[in-house]
S.K.: 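This structure is in structure tokens; I'll ask about it shortly.
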Amino acid sequence: MKAPAIFEFFRRLAEANPAPETELAYVNDYTLLVAVVLSAQATDIGVNKATKRLFETVTTPEAMVALGEEGLRAHIRTIGLFNTKAKNVIALSEALIREHGGQVPADRDALERLPGVGRKTANVVMNTAFGAETFAVDTHIFRVCNRTGLAPGKTVLAVERGLEKRVPKPFRLGAHHWLILHGRYVCKARRPECWRCPLADLCRFNPKTLA
DNA sequence: ATCCCGAGGG
DNA sequence: CCCTCTGGAT
């Protein structure tokens, strides 16, 4: 996709959603980090449902450690991969207390060293909590970038590099949430709703564009 | 490449 | 039944 089309691509997404935000529920940096870890291969709605009660009493790594793995497991049993996630969140909380004074580090590499936190999760936290212009390539963004031709790539890292090179300055901060929301509600995995897509004429996947 | 793994939708 | 959901560790 050419530069002018890319600018128009994001201009329309920005027009439709002037203040893009995460749909994950959280109350501080720590709970955001936990929510993002829990969101792996799970829906935001499902995660919010489970954290609704959890975050009423647990909003710090100290409180999470006190709750314990078994206690946490009881809260997140309705989320996929709950066993691994419970283990990781407790270990991650212990690491925050031990190595970062109980605070969430505003550093991509430090975040990635935490148990259960990979590149994607670290990029989300950097963008959402600390306002960094990072591009967390998840299942939605990978799909949207390849379908539309915005930033094609065989791996998530290749797509991330493509976004870093192509997303225009004014849209870099919001790009992550614009792309994910577009993928979630319009450019869906199963049945993409091209007929109501504001980007259809810019997209190489849209049948009308191909015709 | 494989495992983890429940809820919701079609 | 099948697929998908803001992945990460081995």
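Since this is a predicted model, take the numbers as computed values, not measurements. Each chain gets a letter, A, B and so on, in the order the sequences are listed, and its residues count up from 1.
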S.K.: Rounded to whole angstroms, how far apart are CG on A/L92 and P on C/dA9?
M.R.: 10 Å
S.K.: Could you tell me whether the side chains of A/Y30 and A/S93 share a donor-acceptor contact shorter than 3.5 Å?
M.R.: yes
S.K.: Can you sort out the partners of A/K188 under salt bridge (charged side-chain N to carboxylate O under 4.0 Å, His left out), two or more places apart, ordered by chain and number?
M.R.: A/E193
S.K.: I need the full list of side chain to side chain donor-acceptor pair (under 3.5 Å) pairs touching residues 98-107 of chain A, with sequence neighbours left out, sorted by first then second residue.
M.R.: none
S.K.: Using a cut-off of 4.0 Å on non-hydrogen atoms, how would the nucleic acid contact of A/G116 be classed: base, sugar-phosphate, or nothing?
M.R.: sugar-phosphate
S.K.: In terms of heavy-atom contacts, does CG of A/L157 have more than 12 from other residues, nucleotides or ligands at under 6.0 Å?
M.R.: yes
S.K.: Applying a 4.0 Å non-hydrogen cut-off, can you work out what A/L114 is touching in the nucleic acid: base, sugar-phosphate, or nothing?
M.R.: sugar-phosphate
S.K.: Quick one: A/K87 NZ to C/dG8 C1', roughly how many Å, whole number?
M.R.: 14 Å
S.K.: If you restrict it to nitrogen or oxygen atoms, what contacts under 3.5 Å exist between nucleotides 3-6 of chain B and the protein, and what is each distance?
M.R.:
{"residue": "B/dC5", "atom": "OP1", "partner": "A/N83", "partner atom": "ND2", "Å": "3.4"}
{"residue": "B/dC5", "atom": "O4'", "partner": "A/L81", "partner atom": "N", "Å": "2.7"}

S.K.: Would you classify A/I45 as touching base, sugar-phosphate or nothing, given that sugar-phosphate means primed atoms plus P, OP1 and OP2, and contacts are heavy atoms under 4.0 Å?
M.R.: nothing
S.K.: To the nearest 0.5 angstrom, please state how far the CG atom of A/L24 sits from the OG1 atom of A/T51.
M.R.: 7.5 Å
S.K.: Strictly by salt bridge (Lys or Arg N to Asp or Glu O under 4.0 Å), give each pair with a member in residues 28-46 of chain A just once, sequence neighbours left out.
M.R.: A/D44-A/R184
S.K.: List for me each residue that meets side chain to side chain contact (heavy atoms under 4.5 Å, CB included) alongside A/E8, sequence neighbours excluded, and say none if there are none.
M.R.: A/R11, A/R12, A/L202
S.K.: With sequence neighbours left out, what residues match A/E69 under salt bridge (charged side-chain N to carboxylate O under 4.0 Å, His left out)?
M.R.: A/R73, A/K87
S.K.: What is the nucleic acid contact for A/V47, judged by heavy atoms within less than 4.0 Å: base, sugar-phosphate only, or nothing?
M.R.: nothing
S.K.: Let me know the distance between CG of A/L38 and P of C/dC5, rounded to the nearest Å.
M.R.: 18 Å
S.K.: Would you kindly compare A/E23 and A/N88 by the position of their nearest DNA chain C nucleotide and give the one closer to the 5′ end?
M.R.: A/E23
S.K.: I need the residues from residues 176-191 of chain A with at least one non-hydrogen atom less than 4.0 Å from DNA chain C; give them sorted by number, or say none.
M.R.: A/H176, A/H177, A/I180, A/R184, A/A189, A/R190
S.K.: Looking only at atom C1', what distance separates C/dC5 and B/dC5, rounded to whole Å?
M.R.: 12 Å
S.K.: Pick the P atom in B/dT2 and in C/dT6, then give their distance to the nearest Å.
M.R.: 25 Å
S.K.: I need the full list of salt bridge (Lys or Arg N to Asp or Glu O under 4.0 Å) pairs touching residues 140-166 of chain A, with sequence neighbours left out, sorted by first then second residue.
M.R.: A/R119-A/E160, A/R161-A/E164
S.K.: Expressed as a whole number of angstroms, how long is the span from A/E21:CD to C/dT6:P?
M.R.: 17 Å
S.K.: Applying salt bridge (charged side-chain N to carboxylate O under 4.0 Å, His left out), name anything that partners A/D138, two or more places apart in sequence or on another chain.
M.R.: none
S.K.: Using atom CG of A/L163 as one end and atom P of C/dT6 as the other, report the distance to the nearest whole Å.
M.R.: 18 Å
S.K.: Within this structure, what is the CG-to-P distance between A/L33 and C/dG7, rounded to whole angstrom?
M.R.: 15 Å
S.K.: Under 4.0 Å: is that the gap between some side-chain N or O of A/T121 and OP1 or OP2 of C/dG8?
M.R.: yes
S.K.: Go through residues 141-159 of chain A and report each residue with a non-hydrogen atom lying under 4.0 Å from DNA chain B, sorted by number.
M.R.: none
S.K.: The criterion is ring pair (Phe, Tyr, Trp, His ring centres under 6.0 Å); which residues satisfy it with A/F7, sequence neighbours excluded?
M.R.: A/F171
S.K.: When the distance from NZ of A/K120 to C1' of C/dA9 is rounded to whole Å, what number comes out?
M.R.: 16 Å
S.K.: What residues, two or more places apart in sequence or in another chain, satisfy side chain to side chain contact (heavy atoms under 4.5 Å, CB included) together with A/P20?
M.R.: A/N17, A/H177, A/W178
S.K.: Does a side-chain N or O of A/K85 approach OP1 or OP2 of C/dG8 to a distance below 4.0 Å, or not?
M.R.: no
S.K.: Nearest whole Å is fine: how far is C/dG8 C1' from A/L111 CG?
M.R.: 15 Å
